[in-house]
There are 2 protein chains.
Amino acid sequence: MAGARRHTLRDIAAALNLSVNTVSRALSGKDGIGEKTRARVRAEAERVGYVPNSVARSLVLGSAMTFGLVITNPSNPFYAQLISSIELRARTHGYSLLLMVTDESEENETRAVESLLRSSVGGSIVVPVQASADPWRRLSTVGVPTVLLNRDLPDLGYRFVGTDNELGGYRATEHAISRGARSIVVLEEDLPITTIADRIAGFRRAMAEAGLSVPRGSIMRVPTRRHEQAALPWQPQQAYQVARRMLRRARLPDAVVVGNDYFALGLYRALEVRGLKVPDDMMVIGYGDHPYSAFLSPPLTTVRLPAEEVGNIAVDLLLEEIAGGRSARPLKQLIAPTLVERESTDRTTSGRTSSAAKNDSGMTSR
Amino acid sequence: MAGARRHTLRDIAAALNLSVNTVSRALSGKDGIGEKTRARVRAEAERVGYVPNSVARSLVLGSAMTFGLVITNPSNPFYAQLISSIELRARTHGYSLLLMVTDESEENETRAVESLLRSSVGGSIVVPVQASADPWRRLSTVGVPTVLLNRDLPDLGYRFVGTDNELGGYRATEHAISRGARSIVVLEEDLPITTIADRIAGFRRAMAEAGLSVPRGSIMRVPTRRHEQAALPWQPQQAYQVARRMLRRARLPDAVVVGNDYFALGLYRALEVRGLKVPDDMMVIGYGDHPYSAFLSPPLTTVRLPAEEVGNIAVDLLLEEIAGGRSARPLKQLIAPTLVERESTDRTTSGRTSSAAKNDSGMTSR
DNA sequence: GTGAAAGCGCTAACAT
DNA sequence: ATGTTAGCGCTTTCAC
């Protein structure tokens, strides 16, 4: 790799017999510059292939045109979509993305904050592990604008945008009830985060409103190992184990509301092994609308998450925070997810598979 | 957000009656510093919560402790895993990650290069769109060490690491043949990239070695829209359409080798609608080993990709390139994928579903 | 072992 | 409309 020294403002200034300052202002579109000089400068910059040094710029300005994006796990398709939409919108506004992965580890969060501070990011968008708010306090102390994504830490008073998981849990449950379910079980991951707690709260609200009881054992937990560099967010196999245990009960539920579509896979398998049919013997409602879910047998009713919208709003909130103006928009935003009805809760067409799936996502070395 | 000005070397120097220089060297572990002074400096730095300004450092050094990672689509689970492993290994070596998404667009590539140059990244890891090598030439011109990931551009002479897709296609096909298939069809995306071409080459080699013919129409293409900000990498629905067309043929193949597990979904659906059984009427071999695939009915035989290994090697290659030493390791590395045999190619147990799935990945607002 | 000075490439303030 | 000066925070000579 050759080392052709990069051109600087000084080079252009020298070539044109101008001062560095003039060149700088000509290029950055400031006024108080003759149109002819501006044209000359632009031409010369173009000619030599001038690339502004944003490191130098950042040093002067005290902050970089960079956003830190801190995510727990990019292999969670919801976060993958968030990364895409945030990257695009940030780029549109001239910002680059510094990506950090925490893998649900608080220690990694602390390191991430260090890194954000060192790099003088212009702002950060963070999915906190929610083990503690502490790692993130430094950001406000030092004045780094920060938006929390998908998991709030109310103590911090930061702006926040996420999915309305309480509503998601509610809608999933309400739908099952509307389809005739009376006894419903929840299958959730065993992780102390608000997204899960919210979904369960929504479940309880729906049950209460329908006058249905929630006996002990209605909330089943699938074990998770935190702090584990897991390429994959959820283990259907673990859900399978828990589901098998549930299916040994004397009285089986009419429906199971699962915390993510992956768990639905494990449940499907457990039901199949027991010779039980979805939805006739048991309805299944997923969460997340994984692209595969429309193609399962039977296609899975699930809750679709507003990934793109959440991502866009996160960037917008951050930009507003940076601009400093009190925004019209509320500081905390919950975006409603939508229920996607498919055959796993449809007892009328039971037995037949149909439904034309529209969405999708996957994995190949492409 | 308060604006407590960050402490600098100068602050520490002043507090201790030392020169900036001394403080710098004390903190950066250089020698030629008294052990007592070093201790004093460290203590003071600790006390005031000193965070080094890496922007200033980068300006002096001419390059940042940052790697650019350019990816076509983070929602492709293979790339999501790559992001995770690369981020971790880069971080281990003190590097941050600047993430850029190209969405298969050459225009975005050009912008990405601009951005990499502006930020003075220490190196970059790139999945090229493969529309042209041009955007990437500038990196070598300016001396930015670059490693190509998963898709090579041989003209550039850059280091490269990726999956051995020729071998993947070969193994998938060979497996189908070993299970009795004579007439095999390939279902691939319609994108002019080497990964796909390589898989098809592997398919042809396996067929040739077995003395089987590859008549016209054996390679079926699923249309793709490039340059489209697709949150999801593949459309099973598109594959479904193409598969339906294929199933109208007079003579059906014994097996279909698909380019990614998502297409297998569409194919499964098409077969189901036609009343055909997998594997008895037709075998299906996927590619990518998506976590869902073990849980399909029947579980999908597929090719597992060495994502973590590829990611780690990419970083290692880049570090070697930066170090400048001629490495022991070859400059171009192809990692072999492995075949995962499941029931979609197993005619002996046909009808029954079993197999304990182990892996996984998914989507929920967690 | 420590300090003084210069400079990385840029922007901002203040001339002219 | 353009030039001059200073300085962002750090590392690197080169003195002492």
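First the proteins, then the strands, lettered A, B, ... as listed; each starts at 1. On a predicted model such as this, the values are computed, not experimentally measured, just so you know.
Atoms CD1 and CG, from Ile71(B) and Leu69(B) in turn, are 4.5 Å apart once rounded to the nearest 0.5 Å.
End-to-end axis angle of the helix from dG1(C)-dC16(D) to dT16(C)-dA1(D), using five pairs per end and rounding to 10°, comes to 40°.
Partners of Tyr95(A) under the ring pair (Phe, Tyr, Trp, His ring centres under 6.0 Å) rule, at least two apart in sequence or in another chain, are Phe67(A). Ser124(A) meets the side chain to side chain donor-acceptor pair (under 3.5 Å) test with Thr146(A); sequence neighbours excluded. By the side chain to side chain donor-acceptor pair (under 3.5 Å) test, Arg10(B) is found to be paired with no residue, residues two or more places apart in sequence or in another chain being considered. For Asn312(B), the side chain to side chain contact (heavy atoms under 4.5 Å, CB included) criterion is met by Ser85(B), Arg89(B), Glu308(B), not counting sequence neighbours. Not counting sequence neighbours, the partners of Ser96(A) by the side chain to side chain donor-acceptor pair (under 3.5 Å) test are Ser115(B). Shown here are the side chain to side chain donor-acceptor pair (under 3.5 Å) partners of Arg47(B), two or more places apart in sequence or in another chain: Glu44(B).
Note: CG (Leu117(A)) to P (dG9(D)) measures 15 Å, nearest angstrom. Rounding to whole angstrom units, CZ of residue Arg118(A) and P of dC10(D) are separated by 11 Å. Distance CG (Leu16(B)) to P (dG3(C)): 10 Å, rounded to an integer number of Å. Regarding Leu27(A), its CG atom lies at a distance of 16 Å from the C1' atom of dT2(D), rounded to whole Å.
For residues 124-134 of chain A, the pairs satisfying salt bridge (Lys or Arg N to Asp or Glu O under 4.0 Å) are Asp134(A)-Arg137(A), with sequence neighbours left out. Judged as a salt bridge (Lys or Arg N to Asp or Glu O under 4.0 Å), not a single pair has a partner in residues 48-75 of chain B (not counting sequence neighbours).
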Does the side chain to side chain contact (heavy atoms under 4.5 Å, CB included) test come out yes or no for Leu9(B) and Tyr50(B), once each step is laid out?
CA-CA 8 Å; Leu9(B) 291 185; Tyr50(B) 171 73; 3.3 Å; yes

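Proximity of residues 35-47 of chain B to DNA chain C (heavy atom under 4.0 angstrom from any strand atom) is restricted to Thr37(B).
Looking at heavy-atom distances under 4.0 Å, Gly34(A) makes contact with sugar-phosphate atoms alone, never a base. Among the protein residues, Asn17(B) comes within range of the sugar-phosphate backbone only, with heavy atoms under 4.0 Å from sugar or phosphate atoms but none that close to a base.
Close to dA4(C), at under 4.0 Å from its OP1 or OP2, lies no side-chain N or O of Ser19(B).
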Summarise protein proximity over nucleotides 7-13 of chain C in one line of letters, 5' to 3': B for base, S for sugar-phosphate only, - for none, counting protein heavy atoms closer than 4.0 Å.
BBBBBBB

Sequence neighbours left out, cut at 3.5 Å: what donor-acceptor pairs do the side chains of residues 22-36 of chain A make with other protein atoms?
| unit_1 | atom_1 | unit_2 | atom_2 | d |
| --- | --- | --- | --- | --- |
| Thr22(A) | OG1 | Ser19(A) | OG | 2.9 |
| Arg25(A) | NH2 | Asp31(A) | O | 3.2 |
| Ser28(A) | OG | Ser24(A) | O | 2.8 |

